[in-house]
Amino acid sequence: MSFREDFLWGGATAANQCEGSIFEDGRGLANVDVVPIGKDRLQIILGKKKHLGFDDDLYFYPAKTGIDFYHRYKEDIQLFAEMGFKTFRLSIAWSRIFPKGDEALPNEKGLAFYESVFLECKKYGIEPLVTITHFDCPIHLIEEYGGWRNRELIGFYETLVQTLAKRYKGLVKYWLTFNEINMILHAPFMGAGIVFERGENEEEVKYQAAHHELVASSVATKILHEVDPENKVGCMMAAGDYYPYACKPEDVFEAMKENRHNLSLIDIQARGVYPNYLLKSFEQKGLNIQITEEDKELLKSHTVDFISLSYYASRVAQANASEMTAGNVFESVKNPYLEASEWGWQIDPLGFRITLNTLYDRYQLPLFVVENGLGAVDQPDEAGFVKDDYRIDYMAKHISAMRDAFELDGVDILGYTSWGCIDLVSAGTGEMKKRYGFIYVDRDNEGNGTLKRSRKKSFYWYKKVIESNGEIL
Ligand code: BGP
């Protein structure tokens, strides 16, 4: 037996990257809807350029139609079932449930949509794995309250979680509170609906918003455990260890600092207290973060049950940074020993094993790998078939490294959901061209295409991986 018998194999998506239908059934708008593809995307994601509506003459907004999962979810879930998925990770679009975010009563049509998605999963014995927020924040909460910089969002999120916990009791057991919570420090508009005001202390705003999300995450954990003791609640981080560029102590120290920066919020969600190194850095930078005694109590009393993570690449730290390379949202120093994807993300399966060990050593909590995969350009042949051997190669090596972490190192891993199991819109670039799926979707960067789904070579490969519980790669 290579993985645990009940290992949860599956795939992952996010509402804003696949659903589309953003104006349907009473849904409200969110930050993720108004992020266009193209040159201004990054500045908007970073919170440097204010853009809270649509300018259709100037921009194209891929989230408007996504891959039309909203109407095609039955077909898509059937394909997942055909691959043998045990779990399917998806996220709730907050603004489908509370269109503005601050209402007292939810939108029934939004609740009914996810209910039927979950029932469809259950039909095939697929366990839903639900991200409560995957980068989305209702636009109204940004316009009226300034997004997560405002403490009041904790209460609105609490109402959302109360609603979801009660409505989906018995249907959903695995919950993630915030997707890649550490992204708030790198992409604050995307992570927390933050648009910076001129002259303000951006670090302080980011950490204050992060604190609000951390408290909200503890409140969610509390509610979900109270409503159903069977519920398992996890935090979620963009993981990938930093290596020192060289063995010189300055590089090693730099790597330690970068790793802490990446892990700091997870330290709090897993251990329930702010780590000293973070509190000291607030002091040194003169950041005044409002943390109440009640917050501390909540953080302490409601830590997570498991740690979930995305892993795409390892990273490199150097005291005097030299050549840089792209990565998941932010850059890192280029590692001369590694190859990279077409988007410059460095490929490092052993780094995956190392990262899993780091997290397990540090927290001693089960891990759940909820994102991993290769973003690549796929070229269907004349018959429309995609022979994605490069994707199979990437995934086989990563799953093998994960198996080593489990089998040889004793890391407890609950499951693995590959990112973008069906092609969807890229979060970083907004492209369709950057594909991760086992299922090809006929759609291009400009929104042209029939949206037809077809099985790639990796579809049949992953089916075997699941059938053999990771023995045959
Ligand atoms: C993570 C996000 C996902 C996803 C993935 C791949 O940061 O949680 O939403 O998109 O990265 O990134 P990209 O889409 O930029 O290739």
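Predicted, not measured: the structure shown is a model, and the values here were computed from it. Atoms within each ligand, like the ligands themselves, are counted from 1 in listed order. These values consider heavy atoms only, across backbone and side chains, with no hydrogens, waters or symmetry-generated copies.
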Student: Give the residue and atom name of whichever protein heavy atom lies nearest to atom 7 (O) of ligand 1, and the separation in Å to one decimal.
Tutor: E180 OE1, 2.5 Å
Student: Nearest to atom 10 (O) of ligand 1, what protein heavy atom do you find, and at what distance?
Tutor: Q17 NE2, 3.0 Å
Student: For the pair N31 (side chain) and C137 (backbone), establish whether a donor and an acceptor sit closer than 3.5 Å, ignoring hydrogens and angles.
Tutor: yes
Student: Where on Y436 is there a heavy atom closer than 4.0 Å to ligand 1, on the side chain, on the backbone, on both, or on neither?
Tutor: side chain
Student: Can you report which non-hydrogen protein atom sits closest to atom 2 (C) of ligand 1, along with the distance?
Tutor: E371 OE1, 3.4 Å
Student: Within a radius of less than 6.0 Å around NZ of K397, do more than 12 heavy atoms belonging to other residues, nucleotides or ligands occur?
Tutor: no
Student: What protein heavy atom sits nearest atom 12 (O) of ligand 1, and how far off is it?
Tutor: W345 CH2, 3.5 Å
Student: Do Y70 and F113 have ring centres separated by under 6.0 Å?
Tutor: yes
Student: Looking only at protein heavy atoms, which one is nearest to atom 14 (O) of ligand 1, and how far off is it?
Tutor: A427 N, 2.7 Å
Student: Please determine whether the number of non-hydrogen atoms from other residues, nucleotides or ligands lying under 6.0 Å from atom NZ of K452 exceeds 12.
Tutor: no
Student: Considering only non-hydrogen protein atoms, determine which one is nearest to atom 13 (P) of ligand 1 and report residue, atom name and distance to 0.1 Å.
Tutor: S426 OG, 3.5 Å
Student: Is it true that a side-chain atom of T87 and a backbone atom of L8 form a donor plus acceptor pair closer than 3.5 Å?
Tutor: no
Student: What residue and atom, counting heavy atoms only, is the protein's closest point to atom 15 (O) of ligand 1, and at what distance?
Tutor: G428 N, 2.8 Å
Student: Would you say CD of Q364 has more than 12 non-hydrogen atoms from neighbouring residues, nucleotides or ligands within 6.0 angstrom?
Tutor: yes
